[in-house]
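All values below come from the heavy atoms of this structure, side chains included, with hydrogens, waters and symmetry mates left out. Below, chain A is the first sequence line, B the second, and so on; all start at residue 1.
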Amino acid sequence: MAQSTVEQLDDVTIRFAGDSGDGMQLTGTQFTHTSAIFGNDISTLPDFPAEIRAPQGTLYGVSSFQLHFGSSEINTPGDAFDVLVAMNAAALKVNLSGLRSGGMVIANAEGFNRKNLRLAGYENNPLEDSTLENYKVFVVDVSRLTARALADSGLSSKEVERTKNFFALGMLYWLYGRPLEPTIRWTAEKFAKAPEIADANVLALKAGWNYGETTEIFHVRYEVEPAKLAPGRYRNISGNLALAFGIVAAGRQSGLDVFLGSYPITPASDILHFLARLKHFGVKTFQAEDEIAAVTSAIGAAFGGALAVTSTSGPGLSLKSEAIGLAVMTELPLIVIDVQRAGPSTGMPTKVEQADLFQALYGRNSEAPVIVLAPATPAECFDIAIEAARLAVRTRTPVFILSDNYVANGTEPWLLPDIETLPQIDPDFAKPGEDFAPYKRDPQTLARPWALPGTPGLEHRIGGLEKEDVSGNVSYDPLNHEKMVRLRAEKIDRLAEELPELKVEGDQDGDVLLVGWGSSYGAIREAMLRQRRIGRRVGHAHLRTLNPLPRNLGDLLQKFDHVIVPELNDGQLVNILRSKYLTPALRLTKIQGLPFREQEIEQKVNEVLSGESHDDKQESAVQSERMNGHE
Amino acid sequence: MAQSTVEQLDDVTIRFAGDSGDGMQLTGTQFTHTSAIFGNDISTLPDFPAEIRAPQGTLYGVSSFQLHFGSSEINTPGDAFDVLVAMNAAALKVNLSGLRSGGMVIANAEGFNRKNLRLAGYENNPLEDSTLENYKVFVVDVSRLTARALADSGLSSKEVERTKNFFALGMLYWLYGRPLEPTIRWTAEKFAKAPEIADANVLALKAGWNYGETTEIFHVRYEVEPAKLAPGRYRNISGNLALAFGIVAAGRQSGLDVFLGSYPITPASDILHFLARLKHFGVKTFQAEDEIAAVTSAIGAAFGGALAVTSTSGPGLSLKSEAIGLAVMTELPLIVIDVQRAGPSTGMPTKVEQADLFQALYGRNSEAPVIVLAPATPAECFDIAIEAARLAVRTRTPVFILSDNYVANGTEPWLLPDIETLPQIDPDFAKPGEDFAPYKRDPQTLARPWALPGTPGLEHRIGGLEKEDVSGNVSYDPLNHEKMVRLRAEKIDRLAEELPELKVEGDQDGDVLLVGWGSSYGAIREAMLRQRRIGRRVGHAHLRTLNPLPRNLGDLLQKFDHVIVPELNDGQLVNILRSKYLTPALRLTKIQGLPFREQEIEQKVNEVLSGESHDDKQESAVQSERMNGHE
Amino acid sequence: MNDILAQAAAAPSNGEVKYTLKDFKSDQDVRWCPGCGDYAILAQMQKIMPDLGIPREKVVFISGIGCSSRFPYYMDTYGFHSIHGRAPALATGLKIARPDLSVWVITGDGDGLSIGGNHLIHLMRRNVDLNVLLFNNEIYGLTKGQYSPTSAAGLVTKSTPLGSLDQPFNPLSLVLGAEATFVARTMDRDLPHLNSTLRRAAEHRGTSFIEIYQNCIVFNDGVFEEFTDKSTRPDTSLYLDHGRPMLYGANKEKGIRLNGLKAESISLENGQNSIDDVTVFDEGDRAMAFVLSRMDSAPGLPRAFGVLLQEERPRYEDQLNDQVEEARRRKGNGDLQALLDSGDVWEVGSDAANS
Amino acid sequence: MNDILAQAAAAPSNGEVKYTLKDFKSDQDVRWCPGCGDYAILAQMQKIMPDLGIPREKVVFISGIGCSSRFPYYMDTYGFHSIHGRAPALATGLKIARPDLSVWVITGDGDGLSIGGNHLIHLMRRNVDLNVLLFNNEIYGLTKGQYSPTSAAGLVTKSTPLGSLDQPFNPLSLVLGAEATFVARTMDRDLPHLNSTLRRAAEHRGTSFIEIYQNCIVFNDGVFEEFTDKSTRPDTSLYLDHGRPMLYGANKEKGIRLNGLKAESISLENGQNSIDDVTVFDEGDRAMAFVLSRMDSAPGLPRAFGVLLQEERPRYEDQLNDQVEEARRRKGNGDLQALLDSGDVWEVGSDAANS
Ligand SMILES: Cc1ncc(C[n+]2csc(CCOP(=O)(O)OP(=O)(O)O)c2C)c(N)n1
Ligand SMILES: Cc1ncc(C[n+]2csc(CCOP(=O)(O)OP(=O)(O)O)c2C)c(N)n1
Ligand code: SF4
Ligand code: SF4
Ligand SMILES: [Mg+2]
Ligand SMILES: [Mg+2]
């Protein structure tokens, strides 16, 4: 048995990378799951190619899964990673730049044969030349070792080859002292119908572990203690799944049947897939012929009294613009989920961006205000979905949920809520015999009545033409129009009075306030924490509600010398803050299809506090070279 | 012959109002035309019901035409009018509130019979009770007088009845000393094939004139001297027609064939109608199955080397959002005309609003910047169309023209340009044998080459996925994406360097700068002129280019104590100015489906200068009552 | 299901009420042009409603945009005047959510076949139980006279000053090709036929499609005159009746014979043909319906009116409900807590930090 | 017309060049899944191109979004990978602006029949001279396996875990009902047939519609196997040939007889029928094409492949050009100054103010 020292670490970031066919997503998920059960806090970042099955060994066929686990609070999947598991040459090539200097490369020898090197565009084998001289390199003949371990399994060599990711997983489990049981259990369940496959995977897993234990290749093992998580039951959850669960929960809490009208689009399709499986909750999903039918069918369902939802990504949202205007005009509750991806146009469908805020707020003809919410983390999607339903029903207005590819596919441990504690949602349908007019508003919320077809005596007609106040009749009256435009806005503005005030995390006044929204939460929070550790007075204000803005936001902005707004776009929220509060908020933009790294935010804070940075449209996390036509 | 005094007036505003079937649009157009030939400056405002043929005598069937003519510069169709010609009771009811106190009502007696009074909702005849006590009222039995004049015409009584608007016109001609010849000429041409109808109309016109001349009903005649217009040849032109002409002119100046892909929608359809008649200019119009096909067909035509245009109004623009993103990404020249109307949703299709600015700028997924222009007056549409084509071709980027219902259907005298003086537009197609790459940019403009199918050796592929710089290959590279996003924006921002600086009209510094855009030009200018007359130091900066903003705009804003931005929306440009320049620009909003009255702007200036007004989202030209649910 | 919703969806409180035509007239002024064919259709709809035995509150009219699409305002039922072309999709969502309602879609040749063509054909194949009334006036009325997808080739309109270039759609052929289960044609000027066709549509379980020839007196007056005018109608119009030979003419002296795949007009007066030579109409035969729909473009043949096709096929919303029921049978009524707790769950003890 | 544009549109500089297959291969890596049916279609397209006699620079491929829609990247011609469903509309604009080009539309069953259904049917009736290749794999490939409008009812997919509910479109019936002038079907696995069908489409003057059965090896593998597998193909597939009796079977021992409107399969081996009983296929007969397209859903009948319909009708772009020419003949070449000066023009003298 190898003599290895044990080193204590606070947190570790690992990136598993290999060919699309190498099972890296599964490997990462298993490591995540096991570490969660072990008690670490975790954050993950899957990244896979746009192609369904890219040819083996190519650079664009590389699939990777990054996870960051630790014994204290984990906010991001990690900036630079500590360990890169590279199953082939292409995986190394694509990912090496993200490995921290001095980090560990665990390479699968077979993945660096001549063919693989050529496909990856390496002239020489990087495992053998100076390419990796700044890293600790461990070359393991994973394929051969797996084959040897499964020599007697009776499986075909192709099937054997498929288990090599579990060999790698086993090694990593050994290295970080993780238990094997959770994965063994999972394997047994997953392959219940093919026990020989289950066995093979377990054999490979154990072989990997034993390899670590037996050989002397690794001199150090690491320990990452459990984190101080709040007590309770946990599961890992992705944003898309949490949204689906939240929608179902909102259905329960309101007593409304869920209707989802959707058209598949990356990265939103999973919401449709998840909800389609929940018919026993009375959920009806309708895959429409296009996004326009998706949203209009939802509007029809809302008219009929359903909890109506439509889900899409940026290009699909563009198509829904006109119909959302109709929902604004007819004042029907509607939840619009936009899982943002990088654009414009088709853009980079599998990459993240937060650039649909303006589209959500303004992407319709004329003044058509909507409520806009944005989840900060995967688990928070659950609460945001319920809140969206609550506000949609309360105001009879479309509510947007601006998720994004990062929050949708990333996972984190989720403290399971007790459903008895979830908020109630009262649909407050108009009742027969009530003194009814289609646009007679609730004095408090300004909401109009929701009078369902089937209710005797409340027959009425609605539509997209301007309505007369109260009666709802078509009206071209000038003053009525102005009044109605303002009422539709006021309905939303008033919400700010009843919604909770925004709480700043970190310092409550001082040098810099970081204002963020959506999935950048973790990176911003991490940057705030680290800056405070070096003595800076930094606060973090994170907006879950982008329209209406929290009523105390203006005051909060005053309490800091500088306001910085990091966004994965060209500066959208920052423009709204500057316009509304006339405050010289600074933009920090990144438009690379990637989430923020916390260092990028820290760097901006450093620049601002050292007086190096002034607001400038060109300012960006990564300064793009001067654009002069590339002569 | 009646003895009448003659009074000199600087300007007069008349509103002709009657049933949709009464020919008020024609009457107004004729008065306009004659006054233009007479030499007055003029501005007009037609207003007609949404229904095709509303039932006779109803309030919603009233059609009206307002015109304002004068001996000095005329900027608006007039706020309150001096004369109301009311052909029936409904016309009086609908329009009376716009008549200035002491103004003149000329009423058609027959239009106030029992049936008409009932349809208009009058209990008593307003011509006989105290309703009109603050006005000068002239009741003329137009129908009977016309019938008498045409007793020998041999026409049916229905045909005779149809000429009564010309009787009214004749009276007004007499009253304001206008020549009859232009209308007589027009009638002869128009009814060349039905001379008996032409004769009847001329008879009615003369009868009206003679009625003024002979009876003693009017005691005063008015004279409005010709204005000091620049010498040259003139015609009246509406915005829609000027846009169509401008597009054709741009085709000529660029050597490109015009392609219009469009789907009918009020108030943009006339652009399609006008261009469809110009096939002998090589113009191809394609009425598509919907707006999406309209814009995508135009994108296809642009790819093929046409001067590609698509025209619509707000709801149609919503549908075009996604495809416009494609045009941004593929960097093809495209002109997008949006004739704005009141919304949201179907809204009030025949009414004006300027609320699509945000949609034009932001109504697409992700960062997809476009150039946005807005004509200030009907005639200016001609120049704006040419400029749009020039910029689209120069930058290979979509250019929006934000017209609106007011500028589209209003008319003004247009000093006909000499076409030899129009700017040249160089399509600068890529040439065979050139060192070519689809996204190799011009160092100056950053435009990519326009390489037409059919050009040997330049075969290439474009599309909506993110492109690699220069090569145009599909690319998911993070830094490339950021670079391309910024290049697409920079292309537009750079234009600001070469476009002329914005010139302020009126004072160059001082108390108040009025910043406007689009069709509010006239009202803002008039308000500026009047305020200066009472000693205020007021300037007027009018934006024809909304993206990019003029490079000197920030400086201009600094030169005034207050900046007020009047807009027919809930405050859109003002938000951009506040955000970009961090200047406390004040909003002045009006959302009534009506253009600004100059007094509304003056009032705001007065309030601001007397310290009564602070910026406030609730601020509006017409304060809407407190919205509290109408208990 | 929420109580109120359940109540709304449940059997009506006033199901027994006997309605009259007037109960279906709303308080809104009807604003079509005087003489517009839309009036007649509205009147027939208001007339058949009391006889359908459906409580008024269970009836919903959904339209897009166009002159015809103002229809819902005039019916004293629930109604939704939506956006251009989208009524079939909106109605689909409503009917899926609320299968208990009787839902009518009102559309025009522009609304339904131009911008809304896709929703229409998808509705046909899905067979949601909606009744679609397409008011075909072969023109865009509301936007003042542009040609539509059903306008005759060559028609001069505002947008086609030199004549339109497109081959028009044959709406019946189109929906037959799109798997429609009920396809009919009628006209504004034949009130009894309009009336009975609407009833047939209401009875059909699945999507009913009715093309209604409707005269636009302002922009396309008289375009259907040869079929609507009583003097020419007998020779130009074939009224279909299931199981009956296809006869037409003032004295039913002419018939349609299908010669293989070709429709021919034969005379029963010239001594050569008897009624036995006339093909018997079968409303269950899609191919026959297709051939009859193509008579529109064949000179010398009459135009077919009536129900061209009626076919039973499961309704979308029923199948979806079946899936919901089946899922509930198999998995039990959804239990939210169990759903959340599914997957790989672990426990963190209150002393987790120290463990 | 601008000089360069005219040059681009004029007869090609290298029209005489003899191409080989390789000239049509672009430098881009082909990124479909190994084994995807798309490869075969691409290869045939690159193969026929040299023979069409069209200069490479005159060829344009336009697609929407989907796996299939990546096609243009792989052809070394002009190409446009547009947005989901809109290729027919985009291509229409291009072809109207540039009738000199040979334009090919590549679409999928989702792209062309779901989101893009409306553009597709309108293209059919307009008869713009485009060649539409619909890669039908009865699934959404690119978005990883949801059901499509051609998926069989009951298909279990990611979005239909309990089976899809919709009646699928029959793409051939649909476009036949939408006035298509060229309708054909072929498959990825029969290369000669694919090859000849593509050629026929290229020859047709007007819109050509080809449905191509294409195997998605990942999400819907083997769905067309009974037609593509050499062992079952003879009995399941009917290859149509204009003017020839419709025979099929390994030894052409079976035939299709149209009995009135019904297609029946008859055996030529049982002594009761001869080849004269087999109906002769007529590709000019839309009703026959419709009936043959309906064999898809009739058990016991083979599926029809080949050109089901070919019909001559004026092309949209030709008619539009004719209108332009006619307008020029009548009004002369547009004179801008005259246009501006038209209408009621008046003169303001330089002394206007004093007059
Ligand atoms: C998105 C959108 N595009 C265009 C319009 C303008 N529009 C309203 S109705 C209509 C066509 C109406 O024609 P049809 O459906 O035949 O109805 P009709 O008026 O003839 O009854 C059009 C183009 C619109 N309201 N919305
Ligand atoms: C507006 C829009 N909606 C949805 C999508 C997502 N999307 C891309 S391809 C596709 C369907 C592809 O199916 P199909 O046309 O059959 O092509 P295949 O991949 O099977 O070849 C979908 C839904 C998109 N790109 N854009
Ligand atoms: S325009 Fe035509 S269709 Fe519309 S209301 Fe008038 S007559 Fe009827
Ligand atoms: S997913 Fe299917 S259709 Fe797409 S490339 Fe792979 S095999 Fe072909
Ligand atoms: Mg119509
Ligand atoms: Mg497919």
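- More than 12 heavy atoms of other residues, nucleotides or ligands lie within 6.0 Å of CZ in Arg303(D), so this atom counts as buried by the packing criterion.
- With a 4.5 angstrom heavy-atom cutoff, Tyr263(A) touches chain D only via side-chain atoms.
- From Gln146(D), atom CD reaches atom OG of Ser269(A) across 5.0 Å, with rounding to the nearest 0.5 Å.
- Nearest heavy-atom pair, Thr143(D) versus Ile265(A), reported as atom, atom and distance to 0.1 Å: CG2-CA, 4.3 Å.
- Neither the backbone nor the side chain of Ser164(D) comes within contact range of chain A, judged by heavy atoms closer than 4.5 Å.
- Distance check: His280(A) NE2 to Leu162(D) CG gives 10.0 Å after rounding to the nearest 0.5 Å.
- His84(D) touches chain A through its side chain: at least one heavy atom from C-beta onward sits under 4.5 Å away, while N, CA, C and O do not.
- Heavy-atom distances place the side chain of Leu319(A), and not its backbone, under 4.5 Å from chain D.
- For Gln28(D), the CD atom counts as densely surrounded, since its 6.0 Å shell holds more than 12 non-hydrogen atoms of other residues, nucleotides or ligands.
- Lys158(D) NZ to Leu272(A) CG: the interatomic distance, rounded to the nearest 0.5 Å, is 11.0 Å.
- Side-chain contact between Ile83(D) and Ser345(A): present, with at least one pair of heavy atoms (C-beta onward) separated by less than 4.5 Å.
- Rounding to the nearest 0.5 angstrom, the gap separating the CG atom in Leu142(D) from the OG1 atom in Thr266(A) is 6.5 Å.
- When atom types are taken as modelled, the side chain of Ser114(D) and the backbone of Glu289(A) share a donor-acceptor pair closer than 3.5 angstrom.
- Taking all atoms of both residues into account, the shortest heavy-atom contact from Val30(D) to Tyr60(A) is O-OH, 4.1 Å.
- Taking 4.5 Å as the limit, some side-chain heavy atom of Thr346(A) sits within range of a side-chain heavy atom of Ile65(D).
- Using a 4.5 Å cut-off between heavy atoms, Cys67(D) touches chain A through its side chain atoms alone.
- Here the straight-line distance linking atom CG of Asp270(A) with atom OG of Ser159(D) works out to 11.0 Å at 0.5 Å rounding.
- Contact of Ala293(A) with chain D is not made at all, since no heavy-atom distance falls under 4.5 Å.
- In terms of heavy-atom proximity, Tyr147(D) sits nearest to Gln287(A) at O-NE2, 2.8 Å.
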